[in-house]
Asker: 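Let me give you the structure first, and then I'll get to my questions.
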Amino acid sequence: MSEASSSNGSGHDYTEGASPLDIQQALDSANRARRDSRYGEDGDAMFDGPGHSVNPSSVSRMTLRDHGRRSSGYSLGSRSRRDSMSRDSRPHSRRMSRDSADSRHGIVNGNGHGRWSEQDVTVESGDEGEEYGSPSRGRRTTPSPEPSRSNVFGGLASIFGRSVPVAESPSRSRRASLSSRASRSRLLRRHSSRRSDVSSDYAVDDSSEDGDDRWGYTSNEEDDSSGEEADIASIGSDMEYRSYPPSLGPSLPLLAGDPVFGSEARIEMGELEPLPPPPSGAPSRQNIYIADEDAHIRMIGYEPVPWRQWLWWFSCVLSCGVLALLGRWFPKLWLRWVTRERAFVDIHHRGFVVVETAYRDISIFPISQLDYPYSISTVFSTPPDPAQLLPKYRAGNADVDAPLVSLTYVDYRYNRFALDPRTGLFSMIRDWRDSSWTDVFGVQSGLQKPVLEQRATLFGRNLIDIEGKSTASLLIDEVIHPFYVFQIASIVLWSLDDYYYYAFCIALISGISIVTTLVETKQTIARMREMSRFICTVNVYRDGSWSECDSAELVPGDIVNLNEPPLATLPADMFLLSGDAIVNESMLTGESVPVTKIPIKNEDLARWQDSSDVTGDMAKSFLYAGTRVVRIRGALTTDGRSGSLALGLVVRTGFYTTKGALVRSMLFPKPTGFKFYRDSMRFIGVLAGVAGLGFCASAVQFVRLGVKWHTILIRALDLITVVVPPALPATLSIGTSFAIGRLRKLGIFCISPSRVNVAGQINVCCFDKTGTLTEDGLDILGVRAPERNANRFGELLEDIHDLPASRDKANFLHALATCHSLKMVDGEIIGDPLDVKMFEFTKWTLEEGHVAGTAVVKNKSGGDRPAALVQTVVRPPGSAQFRIEDALKGAGKHAHFLELGVIRTFEFASALRRMSVIVKRLKSTSMEIYVKGAPEVMAEICDKSTFPQDYDDLLSYYTKRGYRVIGMAGKSIEGLTWLKAQKLKREQAESGLQFLGLIIFENKLKPGTTPAIQTLRAAHFACRMITGDNPLTAVSVARECGLINPAAQVFSPAFIRGNAASPLSRLEWSSMDEPGWKLDDYSLKPLLPPAYRLIEAEELESHDYTLAVTGDVFRWVINNAPLETMQRMLVKTQIYARMSPDEKNEVVERLQGLGYTVLMCGDGANDCAALKAADVGLSLSEAEASVAAPFTSRTPDISCVIEVIKEGRAALVTSFSCFKYMALYSLIQFTTITLLYSFASSLGDFQFLYIDLFIIIPIAVTMGRTQAWPRIHPKRPTASLVSRKVLTSLVGQIVLTSAVQFWAFFWVRSQDWYAPPAPKNPNADDDKLEATNYENSALFLVSCFQYILVAAVFSIGPPFRQHMWTNGWFMLSMVCLSLFNIVVLLWPPAFVASLLELMPLPGSARAMLLLAVVVNVLTSMAFEHYGAPAVSHVIGKVVELRRRQRVRDGKIYKTVEGGMR
């Protein structure tokens, strides 16, 4: 079930806090919201959000409006904390980052002109008061890092589908969340950027607190909180359709500041790189937070200096393009040499803006201009801060709303930033709001032609149209990649050295690779264009009349007829002005539950002016672009007629819509990182250094031998191509590719190949409960109703016909049949699955009540509200139709059938945890009110005398056994008319009720859950459950599936002083089975058990206990508890219950902050944020939003987790094996070449060809085909190339293979039959090194065996991969190559000997070389299996003193675990 859902369509969670331990406290604090979370202290933003992804901002999450409102009563909270959380009280009060304010205070000079060269701005996706870096007491918050697009070499493997590592910076304060959370939370709550506000430079936060919660409803008010705490999971940011397209867009590719080594996961890089002071004058720098991309960026204006540019071009020509390539790879180099920083307003047509992220990524975007003869307010709807006006505007000499001649803008990732001439700063045009959008009637007049042209000029066409690069452009981008530049240089070098055959083969392979990449890229772009581009015909109201046009021509402010022509998919983000709609928002949430939309109210439309994005009740009326239409009906007219138009007001178009944000997240995903890739690049650097040293030694000998200088130069470059093999990057992806293929056969699909290797390092597995560990739907176990004449519950009734008949007007059966929000569409009942199950249990039939007529509800505040007389009609099977006159007359003489009409519905409110309906029964003079909700809230609204005595005991019995329980209550009001019912306040309706009974829902474990959990526990994986369900149910399910040891004590916290909103509250941790047994509230260690419980000392010290925490406690501990307590809670807690989607995400991030590598498995609905935040996200949902997770499984249970981990480990070990093999192959060949260089010899052309093409490629490709070991070993494979195990093995094999080659080299020279090669004539024109000599033949023959030998040595088998001999293709390759090498060694055919330029060797010499090969094989195998582990162990003992380094390496959890022992 989806936790904390919206009022319509999402899962209604009625059973919150059903623990009997908490029921008494629930009675005492009835008005406390379930998630009264505190978000930060002293202004430190403590928000949640998607873990590391570019995420659309428009997807609603748990908003903080309620938190801001509730905080008004807490005098203990700090002022700054309350200020940072007040959201809607003063919408115009927006605050800037304290960092930026500090950087600009005191820089105003004597003449009153300030230095505005660097400005900070938050282009928010959150509500007011949630800005990045809000002021705190004397300290600055850490800005969140911006996701890296790519790095320079892309790990040299980016063309093989890999991404560059990424970093997450921990916060400076333990109470601040991980660095990126503040920004992420905002975009997860349907908040898109509202304004690019720089006016808070010197702003004083005078936000007032909202008033107390008010649940009094007038005639047309609905529940205020259901939308405000709607938890609709976010869109996936890592979405991709099988491959990431390379740099799409009109800019240079993003290049990383650390061009060689890149970065890695969770590197501490939380801030933008400090820069020297900017030039004086108007702003030339601007810091912006873009919530759509979860990115902090810095924009800097530059302008090329003409003479420097000419000098650069001249230098590029002189360097034959090398300097141009360096400028492409290292843009800072080009910027430093050619350009100068320039104020944005002073940049001319040749200028540009450099966008820099916290990850040192740099991209360059041109500054463009368009003719725009309209007023400034049509682009910038928010008045600028007077403190930031440029001098000519500050002096009052210029009109601040004067018409523009042209508009200066920058397009960054399909977001348009317009330059405000008044401040010299950029703002997103997406933040613009029309000041006339104040009431529904006022906007229905549509647009006039001049306004239409203006908005079409500003916003462009309503198309999500991905710019596709030309084939030539893609080809150039591909060819100038460092890897291919190296390939091309190598081919040129080999051609100069007459290695034509080898050069041709490598060129052919490279060409095929480039063409394949181009084809895949074009196909990916085409798929994404087809998926994102949408055009339909719409009917719009313009210039006073209706006309049809393409949806691409829509602009903000257009009025659209939603009925004609019928819409299957919504073309833009719109507010519903009239009518009603049912839409499927699975594209956003991953949850295919239909959502009902109602017309927007005037106050909500007016609030849109000052809101960052869709919040509160606005969400009930907001139609998102790209969502599928289930049904749209026309509005009800004031005279009762139906069928008038359903109208929508377009508010966002194109890439500024929710769907546009989703597509942007797919185009610019957050790259993932892995230490292996960084280490591999460093290792390549070491190999290049080895090549340099080897050449230095050889060069001296070359000079002594009189070799020509150009030959020496060619040989030096050739040595580099030997040591750094061009095929190396391809081998890094071999194991991953095979693993993805095997997973695909198992129904597990991967869209982020780099995460496969990361899966091999998982040590914590987190699971959602409902739909993941348990079955997706709930089945009704039965109902329990109070016995009529006894003050206790009756028996469990599993059939509705066993329910005793009741003479009461408000009875249990009628409550079951009517208290829901179900709709009938095309003969099918749709709505929340729990409601559907409950209604199906009654076996009644349902019909929507629109046929019954309409009436008008007069509103005191003005305006009439048309409403259906009867919203829904339900009846037992076989009843006749409901008649309108019976609803109006009351007791109709001719009404003989049992029918119930739902007159009014109070939608489910997450803060109240209940919903209610007002029901009219046919042939009745009264109306009944039925309420359905969490059992503990029943005590607040029901007469205490109506509760059975065994209420608490029965509730505890079911919840402890994992059942979900819902309470029902009702009352009858005599003489209540339809009009009075429409004007009845909710607080009046939901009071003084009679308790009717309990509904018990059963949520069964999936068959694969228990075996999978047992497998993971046996392999020493830490398992966590993160759910929105109540803790008793969660603990019960965890024990049932083995996630918690059945004998382990589970301790749960409760507030004994204060509550979740007060920093000075106090927690008490009690055993859920033995309430008298407590934990120390600081160390979280068990205190002495109760005297009556006999426990052995060993059991007390065994720490066989775990923790179960709820969302409000989790939030309080994160914000207010000591650091040690927080860390221990994270390490010991196995059950996280009552968690919102944001809190699920934060749990994952907090675990990562302790050094865990986290896997999250969920159903893709409310888990989207956590799935993206995790190192490995695995979605069991096939809905569209599930593509947000790197892995998606068709297997409906968590057994797929086992497969992902097994294949991840196999792929990781394979990557290590392939890399070690390629490195050793290079060094074996390097040893051969270096020895031959000592007397001016080398390998022949066909010898190179044979080694590289016929030995290396078949072995390197097939060795990755070894499958995963069928069981998961408790120990993880190493993830570091510089670990002592890897280095010991590598160095040892290098020594052994080099020793054999040295022996062969000197042994040949010592033989009687040896004849030295003829001395080379230094005056000869032929500068090619001679390859036909005895040393060459001996070294070539021996090394050919070594290439095969090291492949066998490095083919690691159990416990991560199967045995080498199970890989048939690999064994076939090795056997065939070994046999061929033996033939060439002992009985070489004349043709082969001539082709390979081999010297004739005596039979005894051939036998001796074969013996040396055998010895090499035996020693290498022995060292790998026995010697390397022993040496590694000794080295480990020597460096034992460095064990403290673990904490600095991010393994904090190990220290915490040690401290709890």
Side-chain angles (χ1 to χ4, degrees), residues 731-743 745-746 756-757 760 1202-1203 1205-1225 1228 1251 1254-1278 1285-1286 1289-1290 1292-1293 1296-1297 1300 1342-1385 1410-1411 1413-1429:
T731 63
L732 299 182
S733 63
I734 290 174
T736 301
S737 300
F738 285 125
I740 290 175
R742 290 192 293 265
L743 287 172
K745 293 179 181 177
L746 296 172
V756 176
N757 278 352
I1202 308 295
E1203 300 301 329
I1205 292 176
K1206 289 193 300 187
E1207 293 295 348
R1209 290 183 168 189
L1212 180 59
V1213 170
T1214 299
S1215 295
F1216 270 73
S1217 299
C1218 289
F1219 185 87
K1220 287 163 62 179
Y1221 173 66
M1222 295 301 290
L1224 201 54
Y1225 138 67
I1228 290 172
I1251 292 171
F1254 294 95
I1255 295 181
I1256 302 304
I1257 289 182
I1259 294 232
V1261 170
T1262 57
M1263 73 184 299
R1265 294 180 62 90
T1266 306
Q1267 298 191 10
W1269 189 245
R1271 294 183 299 276
I1272 299 181
H1273 194 265
K1275 193 168 184 179
R1276 295 185 298 163
T1278 181
K1285 292 181 179 179
V1286 174
S1289 168
L1290 203 54
Q1293 297 299 336
L1296 289 174
T1297 53
V1300 172
V1342 169
S1343 66
C1344 283
F1345 286 99
Q1346 290 182 333
Y1347 298 128
I1348 303 171
L1349 158 67
V1350 294
V1353 167
F1354 289 150
S1355 290
I1356 302 171
F1360 307 118
R1361 297 200 304 172
Q1362 294 188 15
H1363 291 285
M1364 177 177 63
W1365 53 80
T1366 62
N1367 185 344
W1369 286 106
F1370 180 59
M1371 293 303 296
L1372 179 64
S1373 299
M1374 286 205 304
V1375 169
C1376 291
L1377 288 169
S1378 297
L1379 292 176
F1380 183 77
N1381 284 344
I1382 290 174
V1383 170
V1384 172
L1385 173 60
L1410 183 60
L1411 179 62
V1413 167
V1414 172
V1415 171
N1416 194 176
V1417 170
L1418 295 176
T1419 54
S1420 292
M1421 298 292 279
F1423 176 79
E1424 189 68 18
H1425 287 86
Y1426 305 107

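Bear in mind the structure is a predicted one, so any value in this text is a computation, not a measurement.
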Asker: For H1273 and R1209, what are the C-alpha separation, side-chain angles and deciding distance, and is it a side chain to side chain contact (heavy atoms under 4.5 Å, CB included)?
Answerer: CA-CA 10 Å; H1273 194 265; R1209 290 183 168 189; 4.2 Å; yes

Asker: In this structure, which one of T1297, V1350, I1256, I1259 forms a side chain to side chain contact (heavy atoms under 4.5 Å, CB included) with Y1225?
Answerer: I1256

Asker: As an exercise, state the distance from CD1 of I1356 to OG1 of T1214, rounded to the nearest 0.5 Å.
Answerer: 8.5 Å

Asker: Is there side-chain contact between Q1362 and W1269, with heavy atoms separated by less than 4.5 Å?
Answerer: yes

Asker: Mind checking the CE-CE spacing from M1364 to M1374? Nearest 0.5 Å is all I need.
Answerer: 4.5 Å

Asker: When you measure from the side chain of S1355 to the backbone of A1351, do you find a donor-acceptor pair of N or O atoms at a distance under 3.5 Å?
Answerer: yes

Asker: Over all heavy atoms of both residues, which pair between I734 and A1260 is shortest? Give the atoms and the distance, please.
Answerer: CD1-O, 3.3 Å

Asker: Could you list the residues that satisfy salt bridge (Lys or Arg N to Asp or Glu O under 4.0 Å) with E1203, not counting sequence neighbours?
Answerer: K1206

Asker: Quick one: CD1 on I1251 to CD1 on I1228, what's the gap to the nearest 0.5 Å?
Answerer: 9.5 Å

Asker: Among I1255, L1377, V1414, L1385, whose side chain to side chain contact (heavy atoms under 4.5 Å, CB included) with F1345 holds?
Answerer: L1385

Asker: Keeping the roles fixed (side chain from H1363, backbone from W1365), state whether a donor-acceptor pair exists under 3.5 Å.
Answerer: no

Asker: Restricting to non-hydrogen atoms, name the atom on P1277 and the atom on G760 that form the minimum distance, rounded to 0.1 Å.
Answerer: CD-O, 3.5 Å

Asker: N1416 vs Q1346, test: side chain to side chain contact (heavy atoms under 4.5 Å, CB included). Steps then yes/no.
Answerer: CA-CA 8 Å; N1416 194 176; Q1346 290 182 333; 2.9 Å; yes

Asker: Could you measure the distance from the CZ atom of F1354 to the CE atom of M1263? Nearest 0.5 Å is fine.
Answerer: 8.5 Å

Asker: Between the side chain of Y1426 and the main-chain N/O of M1421, is any donor-acceptor distance below 3.5 Å?
Answerer: no

Asker: Report yes or no: does N1367 contribute a side-chain atom to a donor-acceptor pair with the main-chain N or O of T1262 at less than 3.5 Å?
Answerer: yes

Asker: What's the spacing between L1290 CG and E1424 CD if we round to 0.5 Å?
Answerer: 9.5 Å

Asker: Nearest 0.5 Å, please: how far is OG1 in T1266 from CZ in R1361?
Answerer: 4.0 Å

Asker: Could you tell me whether the side chain of S1420 and the main chain of V1417 form a donor-acceptor pair under 3.5 Å?
Answerer: no

Asker: By salt bridge (Lys or Arg N to Asp or Glu O under 4.0 Å), which residues pair with R742, not counting sequence neighbours?
Answerer: E1207

